[in-house]
Amino acid sequence: MSRKTIVAANWKLNKGPSEASSYFEEFFQMTPEESDDSFLFFLPAIDLLAAQSQLQDTKVGWGAQNIYFENSGAFTGENSAEVCKEVGCTHVLVGHSERRSLFGESNEAVCKKIKHAQKNNLIPVLCIGETLEQREAGETNNVLKKQLVEGLMGVDDLKNLVIAYEPVWAIGTGKVATPEMANEAHHYVRSVLAELHQGLGDCVSILYGGSVKPENAKELYSQQDIDGFLVGGASLKPDSFYKIFEATL
Ligand code: PGA
């Protein structure tokens, strides 16, 4: 099975429903319909309903930046996968480094969220990546392997899964991994997936994230194991986000 090119936007805690709505109006003026299925948008939960009206008749995918691993109950402040599905979401971001470092999300919680997302027919985009300290200590592969092994323990459905490799030191810093460095990590991630799931690693799209911009996207995408991008800052404007997509054509 061939891997799919995906260009995903992570708006983080930016934009409310009315800004989201004008963003999509502008976005759809520049994007050809046939490219719709390459795009994903991860929005603040409060924008999801507004996004639904503009995205539901397109092939663009979208979702929340986090879910909880229960659908309802006394979990103040969390998002329900079932409700995300109700408002049309197709995907969900899981284990973003900001969730891990600022909100204490463990690999164990990430794993529960992945399974819960799949059970509720949402495709999880699992984010992994090493800190600068870990890279400098030569620990990158060990960190990635641990995040994959523990995050995917008991997860059998690799077809409904996307991985985003985001070196923490490259997120929002303007420091992008070199294409070779990124590809090396992607290649390693793929080999771990293949090891965990008898050769299935090849069907999983692996996105690179961390200071991706229109200027560096083409070179990164030219690497064999990079199937697309997860874009933070540069996704906040429709034109720069679209230019990143153009680099994959
Ligand atoms: P960035 O963020 O593109 O602003 O570095 C990427 C991310 O956090 O997903």
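The figures that follow rest on heavy atoms only: side chains count, while hydrogens, waters and symmetry mates do not. Each residue takes its place number in the sequence, starting with 1. Numbering of ligands and ligand atoms starts at 1, following listing order.
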Taking the non-hydrogen atoms of Gly172, is any one of them nearer than 4.0 angstrom to ligand 1? yes

Which of the atoms of ligand 1 are close to His96, meaning less than 4.0 Å from one of its heavy atoms? 7 (C), 8 (O), 9 (O)

shortest atom 3 (O) of ligand 1-to-protein heavy-atom contact is with Gly232 N, 2.8 Å

Within the structure, is a non-hydrogen atom of Ser211 found at a distance of less than 4.0 Å from ligand 1? yes

Decide yes or no for Trp62 and His91: does some side-chain heavy atom of the first lie under 4.5 Å from some side-chain heavy atom of the second? no

Non-hydrogen atom of Ala170 closer than 4.0 Å to ligand 1: yes

Can you find a heavy atom in the side chain of Leu193 that is under 4.5 Å from one in the side chain of Ile163? yes

Protein contact to atom 4 (O) of ligand 1 [nearest heavy atom, distance to 0.1 Å]: Gly233 N, 2.9 Å

How far apart are the closest heavy atoms of Gly129 and Val143, and which atoms are they? O-CG1, 4.1 Å

Just list the side-chain donor-acceptor pairs under 3.5 Å for residues 5-17, sequence neighbours left out, or say none.
from  : atom 1 : to     : atom 2 : distance (Å)
Thr5  : OG1    : Tyr221 : OH     : 2.6
Asn10 : OD1    : Lys12  : N      : 3.0
Asn10 : ND2    : His96  : NE2    : 3.4
Lys12 : NZ     : Glu98  : OE2    : 2.9
Asn14 : ND2    : Trp11  : O      : 2.8
Lys15 : NZ     : Leu236 : O      : 2.9

What are the atoms of ligand 1, with element, lying closer than 4.0 Å to any heavy atom of Leu230? 9 (O)

Less than 4.5 Å apart, any side-chain heavy atom of Val162 and any of Arg3? no

Please compare Glu166, Glu98, Gln65 and report which has the shortest non-hydrogen distance to atom 7 (C) of ligand 1. Glu166

Name all pairs fulfilling the ring pair (Phe, Tyr, Trp, His ring centres under 6.0 Å) condition that reach into residues 228-249, sequence neighbours left out, sorted by first residue then second. Phe39-Phe241, Phe39-Phe245, Phe41-Phe241, Tyr242-Phe245

Which of the atoms in ligand 1, numbered in the order shown and given with their element, are less than 4.0 Å from a heavy-atom of Lys12? 2 (O), 7 (C), 8 (O)

Ligand-residue contact atoms, ligand 1 with Ile171, heavy atoms, under 4.0 Å: 2 (O), 5 (O), 8 (O)

For Ser240 against Ala234, the heavy-atom pair lying closest together: OG-O, 2.7 Å

If you count the atoms of ligand 1 from 1 in the order shown, which ones are under 4.0 Å from a heavy atom of Gly210? 5 (O)

Do Thr131 and Gln134 get their side chains close enough for a donor-acceptor pair, meaning under 3.5 Å? yes

